[in-house]
Amino acid sequence: MNTTNTTQQTVRTRFAPSPTGTLHLGNIRTALFAWAFARHHKGQFVLRIEDTDLERSSESSADGILRDMAWLGMDIDEGPFYQMQRMPRYREVIAQMLADGRAYHCYMSVEELDALREAQKAKGEKPRYDGRWRPENVAKHGLKIPAGVDPVIRFRNPDDGAVVWEDAVKGRIEIANSELDDLVIARPAPVGEVGVPTYNFCVCVDDVDMAITHVIRGDGHVMNTPRQINIFRALGAEPPVFGHTPTVLGNDGEKLSKRHGATGLNEYAAQGFLPEAVINGLARLGWSHGNDEIFSP
Ligand code: GLU
């Protein structure tokens, strides 16, 4: 793995599961890489529970994650931090971004957004929010704030240039800013309040505040990364090194997931597997290390 940053700074990685089910071989493999990378570099490993999806998150799932990690011997240096307990911090950052123009209120309704998307698709364009509620466009088109609509808050994405990063697993990735629209960072709320912030925003504030140097996570997040890099920069922070690990597939070639065929780690424990054996199997999944089968964490 790319080790940029590792000489100057203490390596800090994190595992940031959403507590919406049990840990399985797919998500714990990512945690294993993040944990082992921190241990290898004599760094720190942080656990963050991303529980902002109130409908799907549960305390029992969060407790299960802690139990399973302890069973595997994946020791945590800091945390668990719970995102729901950090709401005042996110709101403070968003208020500051609104005040200095890095973010703005958008009153577009779901119907208008759908109509815009349909029109764009009909023209063969990629559906994207058109920035119509950016303050300069509001002034230009004389837009009137509709009555009774709670606005969302959008991040003002840079218009020009490209986001480029050297992914520690996948290599160089480049996405033009023209491909990215102004992301919703807070859900609808009356003006003067800040609604519940969204994943792509919270994750950046947390990674900055927790001084994470290496974000190691599943490759389902690759397309979130350019947006997050722009948010890191808007927060005045240097983005961490990103490494996106391949998805673990089941015997049927389908992605392992909480809803699809994944055996919970707790079930391996119940079947008598030793935690060392599970770690060993996971560590060797997807690459080869000669015929070595037994090695220490
Ligand atoms: N909470 C996210 C997930 O469970 C992880 C986000 C991240 O690692 O950046 O997929």
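Counting starts at 1 for both ligands and their atoms, following the listed order. Hydrogens, waters and symmetry mates play no part in the numbers below; they use all other heavy atoms, side chains included. In what follows, residues are counted from 1 in the order of the sequence shown.
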Should you measure from each heavy atom of Tyr199, which atoms of ligand 1 turn up under 4.0 Å away? 6 (C), 7 (C), 9 (O)
If we number the atoms of ligand 1 from 1 as shown, the ones under 4.0 Å from a heavy atom of Arg217 are 7 (C), 8 (O), 9 (O)
With the 4.5 Å side-chain cut-off for hydrophobic clustering, are Val164 and Ile173 part of the same group? no
Set out, in order, the CA-CA distance, both residues' side-chain angles and the distance that settles ring pair (Phe, Tyr, Trp, His ring centres under 6.0 Å) for Tyr199 and His221, then state yes or no. CA-CA 11 Å; Tyr199 155 73; His221 288 288; 5.5 Å; yes
Which ligand 1 atoms does Glu50 reach within 4.0 Å, using its non-hydrogen atoms? 1 (N), 2 (C), 5 (C), 6 (C)
So, are Arg14 and Asp77 salt-bridged, with charged N and O less than 4.0 Å apart? no
Identify, by atom number and element, the atoms of ligand 1 in contact range of Val203, meaning under 4.0 Å from any of its heavy atoms. 9 (O)
If the threshold is 4.0 Å, N to carboxylate O, is there a salt bridge linking Arg39 and Asp75? yes
Do the side chains of His244 and Asn224 get nearer than 4.5 Å, heavy atoms only? no
Taking 4.0 angstrom as the limit and counting only heavy atoms of Arg14, give me the atoms of ligand 1 inside it, by number and element. 7 (C), 8 (O), 9 (O)
What do we get for Phe15 next to ligand 1 when only non-hydrogen atoms under 4.0 Å count, side chain, backbone, both or neither? neither
Please identify which of these residues, Arg134, Arg102, Arg154, meets the salt bridge (Lys or Arg N to Asp or Glu O under 4.0 Å) condition with Asp182. Arg134
Give yes if a backbone or side-chain nitrogen or oxygen of Ala16 is under 3.5 Å from a nitrogen or oxygen of ligand 1, and no if not. yes
